[in-house]
Amino acid sequence: MDQYNASAIEAKWQGRWEADRCFVAETGSDKPKYYVLEMFPYPSGRIHMGHVRNYTLGDVVARYRRARGYNVLHPMGWDAFGLPAENAAMERGVHPGKWTTENIAAMRTQLRGMGLSYDWDRELATCTPDYYQHEQRMFLKFLEKGLAYRKESWVNWDPVENTVLANEQVVDGRGWRSGAPVERRLLSQWFLKITEFADELLGAIEGLERWPDRVRLMQQNWIGRSEGARVTFTLTETGPGGAGSLDVFTTRPDTLYGASFLAIAANHPLAVALGEADPDAAAFIAECAKLGTSEAAVETAEKKGYKTGLTVQHPLIADCQLPVYIANFVLMEYGTGAIFGCPAHDQRDLDFANAYDLPVIPVVLPDDAEAGSFTVTDTAYTGPGKLFNSGDWDGLSVEDGKRAAIRALESRDAGTGQTTYRLRDWGVSRQRYWGCPIPIIHCDSCGMVPVPETDLPVELPEDVDFDTPGNPLSNHPSWKHTGCPTCGGDAIREQDTFDTFFESSWYFLRYADPAHPDGFSREAAAYWMPVDQYIGGVEHAVLHLLYSRFFTRALRETGYLDLDEPFAGLMTQGMVCHQTFQDQQGKWLFPTEVERAGDGWREIETGRPVTAGRIEKMSKSKRNVIDPELIISTYGADTARLFMLSDSPPERDMEWTEAGVEGASRFLKRLHRMAGDPDLAPVGSTVPTDGAPADLVRAAHRAIKAISEDIEAFRFNKAVAQLYTLANAITDLSDRSVEAAAARRFGIETLTRLLAPLAPHVAEEMWQALGHETMLAASPWPEADAALVTEASVEIGVQVNGKLRDTVSLPRDAVEDEARAAALASAGVIRYLDGKEPKKIIIVQNRIINVVV
RNA sequence: GCGGGCGUGGCGGAACUGGUAGACGCACUGGACUUAAAAUCCAGAGACCUUGGGUCGUGGGGGUUCGAGUCCCCCCGCCCGCACCA
């Protein structure tokens, strides 16, 4: 048999699979369906190791399910709208459409080279009118149903570039290109009413049984249902703009007696009104605006406030008035944009109170504390306890206190129980060119008018200019000018485009029926949906997945679908990491630029020593990247795939190492050699039932069972370990008998079939070398014989007082008396007992014996 | 700041529902083959000690249990997400 030549083998079998259309999903099949989907990539130009990992995981599942007799849908496409295309246009003068199309072509070639079992007939790209026209229609349906609306909201504004910045384009409060301090600006934008489904999205999480718990938890926390109270504080004198009172939301109405101040967001209407009259207030508000719009920036900033001079009356304590501050840590988006501060029982309030010399009045007494001596200085007490310093409520628990507070507030007309959500409506407007146009026309006389269905799609103009600052769609000379569909007069198109999460919120439906004139058909969706197994990065744990869950419900409400949840099973994979290298000047070096030098590393070109740094997520900025194409051309796709699956469990971060790749490559070469062994018994030889050869047959059956279970549970690293174990068992049976040759054939054939989902090309080649005409891509999965997977005897540990002292071999399922006798007779136990009587013997069948003295 | 996660030999990891810690691989050491090297094959190996035996050992400290990597409490370190990156 020839030497293992990965590139020749891989090209050969990719061609065969393609010619036989092995991976095309069937329509009208009576097999059970299985929809496996990997998160589609943004076409950045080249695939990276994260893609290789993601798509390898999906491909194993797809190939395994096909072998298991399912009609598998395994599609691939392109999340093709987005910022990088516009950046390329600005930096290199290439049109975003051309850039994107070329990138797609390059990446498709790379993906095909990996031997992934996609049904390429269903490929889609979201930047084509053929795709995005459907979401324009969906949006108009949402609008009719009241699921889309317009309101003002804040954006990061770069005053030099005259453009809206994404959060990632804001670096330390400045625009990434201009370096100008970023401002917050209010813009009128489109929103989707995801909050209308807050309770449903929250409740349905429970049913997502095949989702990781951590993702379910993150979604729960993101929706953030909290029960509390809305409390009205009356201003002691009328505020600017005639404001008479302030409403706050609190989850801790029980601590109302400990209130020492009120704080409002910098963009609260009352703050805005104050700013108009008070230059100092305006200056403070302007300072808050520099923080940008990201929640992390706001919450990590030092807590600051501005004392407005206004005071409010405490609703329960007659002679108590509280000062009102504008504070940089209060978010307008949450609750009412105003809070009351109880410093003793909230850390942020305490930090604020300490900074501004406000009183700290404890009102919850921990169970182990004394009312007379309990004080709070630097650490707020947020735990359980009994209320005190709280009038009638003294002695109540926190929970009873909350109920009492709501009753008290309601009886005085000063508030009411209320449930709020952290979840905010989804802002979908983007002031960008490379996105799906929002199909709305603004007319001076008719207002906002939807583009009539017959005029859809609204297509992006090709001839746009990226040299002028601002939105290219607004700068375009003619595109925005149109006629009003209602009155026929001059009107202006909406120039914002959709958030690219819009496209990814329904692409899984388009795959079900990719040529359908309505986007997808109800029938195809009913057959294929939900996605049985979705696989992608954990970085999408909240937004993309939550938006898709919402979108599916919105499509249900607008009559497209009968479905609630799009993804029945979810697997979130970890990141691919690599060691980092820096030269003496601190410049980052690519792994291909360095080599080992004794215990350390040196730069290949100059021979100068190199500092090997931390192992980090592969990133362009730190240059710790390995190009998958280099790996595929050097070792082959099968090696890249096998290494991706070995060692690290898929949900955990993995480290890419040269040594690991070498190991995977060596293993495949070894298997390839084993399949070419001329001393194997002929095809179809009877498998032996006695002696050492039969042990190998049993080992093969155990491998079938274990690997099947491992693949189904996403334990691919264990599946690979099982392949090694079986390979070792085949090698270890070195005897030259006919029976042994037959057992080795059974062993290697089984191994080849089990390898097929993981390293499919070499498995096909081995299968052919073993004398088979069939293709594994079209072959059923091997079946384990239950009678052959269990072993007759078990090695059991024997402990004395919980420490292992010996092991005994017992028949499987031996009764207690037999186990006890064997344990007491073992040398280790006799030595330790030293003639003493055991007090107690704990026997766990087939597991452990513990002799307690 | 808030939310989520991770931490086991030199390294990646395995260990089911609390039951023999370290499967399998990598790196390493020794041996075989070779003029030599690579490749391949065989063997060894958690650390320590007074080595046919024992002690210690799953980020640190405490607890529950006959028995804890696994359960509980406290602490430390690192990573991810935070609504306009995708």
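So you know, we letter chains A, B, ... as the sequences are listed, proteins then strands, and number each from 1. Since the model is a prediction, treat every value here as computed from it, not as a measurement.
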Check whether the side chain of [X] and the base of [N] form a donor-acceptor pair under 3.5 Å.
{"X": "A:Glu616", "N": "B:rC78", "result": "no"}
{"X": "A:Glu539", "N": "B:rC85", "result": "no"}
{"X": "A:Asp647", "N": "B:rG12", "result": "yes"}

Notebook entry, point to check: More 5' along RNA chain B: A:Lys617 or A:Val164, using each one's nearest nucleotide?
Noted result: A:Lys617
Notebook entry, point to check: Of A:Arg432 and A:Gly660, whose nearest nucleotide on RNA chain B comes first from the 5' end?
Noted result: A:Gly660
Looking at [options], which one has an atom nearest to any side-chain atom of [X]?
{"X": "A:Arg805", "options": "B:rC82, B:rU55, B:rA86", "answer": "B:rU55"}
{"X": "A:Ile848", "options": "B:rC84, B:rG5, B:rU20", "answer": "B:rU20"}
{"X": "A:Asp653", "options": "B:rC79, B:rG5, B:rA86", "answer": "B:rC79"}
{"X": "A:Met575", "options": "B:rC80, B:rC84, B:rA86", "answer": "B:rC80"}
{"X": "A:Glu795", "options": "B:rU20, B:rG1, B:rC85", "answer": "B:rU20"}
{"X": "A:Leu804", "options": "B:rC66, B:rG12, B:rA21", "answer": "B:rA21"}
{"X": "A:Arg847", "options": "B:rG19, B:rC41, B:rG13", "answer": "B:rG19"}
{"X": "A:Val155", "options": "B:rA86, B:rC84, B:rC24", "answer": "B:rC84"}
{"X": "A:Leu217", "options": "B:rG4, B:rC41, B:rG25", "answer": "B:rG4"}
{"X": "A:Gln799", "options": "B:rU40, B:rA27, B:rG19", "answer": "B:rG19"}

Give [X] one of three labels, base, sugar-phosphate or nothing, depending on what nucleic acid heavy atoms sit under 4.0 Å from its own.
{"X": "A:Asn167", "result": "sugar-phosphate"}
{"X": "A:Ala541", "result": "nothing"}
{"X": "A:Ile842", "result": "base"}
{"X": "A:His540", "result": "base"}
{"X": "A:Val844", "result": "base"}
{"X": "A:Trp222", "result": "base"}
{"X": "A:Ile849", "result": "nothing"}
{"X": "A:Arg214", "result": "sugar-phosphate"}
{"X": "A:Gly82", "result": "sugar-phosphate"}
{"X": "A:Lys669", "result": "nothing"}
{"X": "A:Gln722", "result": "nothing"}
{"X": "A:Pro41", "result": "nothing"}
{"X": "A:Val720", "result": "nothing"}
{"X": "A:Met654", "result": "nothing"}

Does a nitrogen or oxygen in the side chain of [X] sit under 4.0 Å from OP1 or OP2 of [N]?
{"X": "A:Asn221", "N": "B:rC2", "value": "no"}
{"X": "A:Arg715", "N": "B:rC16", "value": "no"}
{"X": "A:Arg652", "N": "B:rG7", "value": "yes"}
{"X": "A:Lys718", "N": "B:rC16", "value": "no"}
{"X": "A:Arg666", "N": "B:rC26", "value": "yes"}
{"X": "A:Ser646", "N": "B:rG25", "value": "no"}
{"X": "A:Asn87", "N": "B:rC85", "value": "no"}
{"X": "A:Arg430", "N": "B:rC84", "value": "yes"}
{"X": "A:Asn850", "N": "B:rG19", "value": "no"}

Using only heavy-atom distances, determine whether the side chains of [X] and [Y] contain a donor-acceptor pair under 3.5 Å.
{"X": "A:Ser178", "Y": "A:Glu161", "answer": "no"}
{"X": "A:Thr572", "Y": "A:Arg214", "answer": "yes"}
{"X": "A:Asn87", "Y": "A:Arg177", "answer": "yes"}
{"X": "A:Thr163", "Y": "A:Arg432", "answer": "no"}

Check: A:Trp426 vs A:Tyr547 aromatic rings, parallel, tilted or perpendicular, using cut-offs 30° and 60°?
Finding: parallel
With rounding to whole Å, what would you report as the distance between [N] and [M] at their [atom1] atoms?
{"N": "B:rC72", "M": "B:rG5", "atom1": "P", "result": "13 Å"}
{"N": "B:rG61", "M": "B:rG13", "atom1": "P", "result": "23 Å"}
{"N": "B:rU50", "M": "B:rC56", "atom1": "C1'", "result": "16 Å"}
{"N": "B:rA39", "M": "B:rA32", "atom1": "C1'", "result": "14 Å"}
{"N": "B:rC74", "M": "B:rG30", "atom1": "C1'", "result": "48 Å"}

Tell me the partner of [N], counting only Watson-Crick (N1-N3 plus N6-O4 or O6-N4) or G-U wobble (N1-O2 and O6-N3) with both under 3.5 Å; none if nothing fits.
{"N": "B:rC6", "answer": "B:rG77"}
{"N": "B:rG53", "answer": "B:rC49"}
{"N": "B:rC82", "answer": "B:rG1"}
{"N": "B:rC28", "answer": "B:rG44"}

Take atom [atom1] of [X] and atom [atom2] of [N], then tell me their distance rounded to the nearest Å.
{"X": "A:Arg422", "N": "B:rC2", "atom1": "CZ", "atom2": "C1'", "answer": "8 Å"}
{"X": "A:Met218", "N": "B:rC80", "atom1": "CE", "atom2": "P", "answer": "13 Å"}
{"X": "A:Tyr832", "N": "B:rC66", "atom1": "OH", "atom2": "P", "answer": "21 Å"}
{"X": "A:Phe498", "N": "B:rA86", "atom1": "CZ", "atom2": "P", "answer": "15 Å"}
{"X": "A:Glu168", "N": "B:rA86", "atom1": "CD", "atom2": "P", "answer": "7 Å"}

Margin query: Tell me if the centroids of the rings in A:Tyr131 and A:Trp506 come within less than 6.0 Å of each other.
Written below: yes
Is the cationic atom of [X] (NZ for Lys, CZ for Arg) positioned less than 6.0 Å from the six-membered ring centroid of [Y] and within 45 degrees of its normal?
{"X": "A:Lys303", "Y": "A:Phe352", "answer": "no"}
{"X": "A:Arg185", "Y": "A:Trp157", "answer": "yes"}
{"X": "A:Arg422", "Y": "A:Trp222", "answer": "yes"}

Notebook entry, point to check: Can you check B:rU8 for me, syn or anti if syn means within 90° of 0?
Noted result: anti
Next item on the list: If the glycosidic angle is within 90 degrees of 0 it's syn, otherwise anti, so just tell me which one B:rG9 is.
Entry: syn
Margin query: Just checking A:Glu302: does its CD atom have more than 12 heavy atoms from other residues, nucleotides or ligands closer to it than 6.0 angstrom?
Written below: no
